[in-house]
2 protein chains.
Amino acid sequence: MASQAEPGVEPRMPLSRERVLRAAVSVADSGGIESLTMRRLAEHLGAEAMSLYYHVTNKEDVLDGVVDLIATEINEVVERIDVPADGADWKKAVRQRILSAREVLLRHRWAPGVFETRTNTSPAVLRYYDALLGMMLAGGFSYDLAHHAMHALGSRALGFTQELFDPSGGGGATDQAADLAEMAGQFPHLVGMLTEIAHDDPDSTLGWCDDQTEFEFGLDLILDGLDRARERA
Amino acid sequence: MASQAEPGVEPRMPLSRERVLRAAVSVADSGGIESLTMRRLAEHLGAEAMSLYYHVTNKEDVLDGVVDLIATEINEVVERIDVPADGADWKKAVRQRILSAREVLLRHRWAPGVFETRTNTSPAVLRYYDALLGMMLAGGFSYDLAHHAMHALGSRALGFTQELFDPSGGGGATDQAADLAEMAGQFPHLVGMLTEIAHDDPDSTLGWCDDQTEFEFGLDLILDGLDRARERA
DNA sequence: ACCTGAACACCGTTCAAGT
DNA sequence: ACCTGAACACCGTTCAAGT
């Protein structure tokens, strides 16, 4: 009875940094990032919270490791894509790489928020950036323009953008319509825009915008702009 | 003696939501966002932590209020700019608005991180977006393109981008050079780029990149792309 | 070498009680 | 109406002690 495994996982197996980090990803995947506490992480591994500190220096270290693990998953996916030998169509290659990275992040929706808090760059993230940069250089970018390009892309280089604007107040469709009418006086342009969008696409119960479409629009806008800058140089 | 004011501020003055939120901004300004705890906030106001809950529902509410306060500060600045009556030069107007918003955020460096955690949109933020949208509509954007534009800009619309990549490891210049040489095998493109940049601008002790220059580069890239999309439509 | 129990300093928050 | 003391449930982390 006392030797029964907790709801967590495998009954008994030595801890390791690797195992701790994998468990951290799994906890965040199932309960969101706010559920990732040292105590809960330990419980998930059938150990005590204090045992983690033997394999990991502190919680910051766990988060650093988690970012590296997710970035490794991204690398495994994007490195399977075969990229045209001549770098002529750099745009296609970069676009595909970024959209593939995005697919990984969509499986770990909490991850972008963690990436943004890390100033520390993981080896896997550096590896990702290095290859992305390589594609641009092969496509004829100078170091200088490629550098601007990385900044212009920002988090889009890794496949995500943080949505600042989420008009879905949580209420039903009628609630939202009522809210809109009420706000029309204060925010005429916003309300005009949102009503037209709601009219054009009436079955968007989940929110106003198609995130994937908007991500691709912004990405293509930037890639096209970079391509023109490259031609001018 | 017992009636002496704490290090905080004014000796005695009734609390209010307004006063609590202003104090929160001031605490974050001087000690960073991680120093903003309910207990410390109360101390700053010469009150007990529990007293705050009479004026504010919880800490989330404080953060929502803080965002609204900063956005109000932004509005006060950008609404003083006089915008050309005819909307022809929308790009100039939008650019100036965004760079002015950025100046406010540079006075509250912790604020972008808080903005990103809020899905709740404050009235002041909505007001900011509404006016920005108005400039684009006046410049000849359709609602649809203006909507894409807002997503493409993302947090840039408010004047910031989150830096994912901070190569300044904290060591001195010689440390960094040594680090670079060591990494050259693993990340050749990255190292090539960074050494060229360091060579071209040898006195950038504070970091590799000029954030303001990079912000403006990305902003102009997007604005130019949007202008072309508008012309095509 | 690896794991843990007890303990500390700190959170956000509730609730009954003061004025 | 406004503020507070005591208390609770939860954090991350240290440290001395177990095997």
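The chains referred to below are lettered A, B, ... by the order of the sequence lines, with proteins before strands, and numbering in each begins at 1.
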Stem segments of DNA chain C by first residue number [Watson-Crick or G-U, under 3.5 Å, at least 3]: C:4-8 with D:12-16, C:12-16 with D:4-8
For Ser122(B), side chain to side chain donor-acceptor pair (under 3.5 Å) partners two or more places apart: Asp68(B)
Backbone N/O of Thr72(A) and side chain of Arg127(A): donor-acceptor pair under 3.5 Å: no
Phe160(A) six-ring face occupied by Arg109(A) cation (under 6.0 Å, within 45°): no
Side-chain ion pair, Arg22(B) and Glu18(B), N-O less than 4.0 Å: yes
Within 6.0 Å of CD in Glu34(B), more than 12 heavy atoms from elsewhere: yes
dC3(D) OP1/OP2 closer than 4.0 Å to side-chain N/O of His55(B): yes
Short side-chain to backbone donor-acceptor contact, Arg19(B) and Pro14(B), under 3.5 Å: yes
For atom CE of Met13(B) and atom P of dA1(D), their distance in whole Å: 21 Å
Backbone of Phe187(B) reached by a side-chain donor or acceptor of Tyr129(A) within 3.5 Å: no
Test log, rule side-chain hydrogen bond (donor to acceptor under 3.5 Å, both in side chains), inputs His147(B) and Glu196(A): CA-CA 10 Å; His147(B) 179 230; Glu196(A) 183 175 293; over 6 Å; no
Under 4.0 Å protein heavy-atom contact, by nucleotide of nucleotides 6-19 of chain C - B base, S sugar-phosphate only: BB---BBBB-----
Atom-pair distance (CZ on Arg17(A); C1' on dA1(C)), nearest Å: 18 Å
5′-ward residue of the pair Tyr54(A)/Glu48(A) relative to DNA chain C: Tyr54(A)
Value in whole Å for how far the P atom of dC2(C) lies from CD of Glu18(A): 15 Å
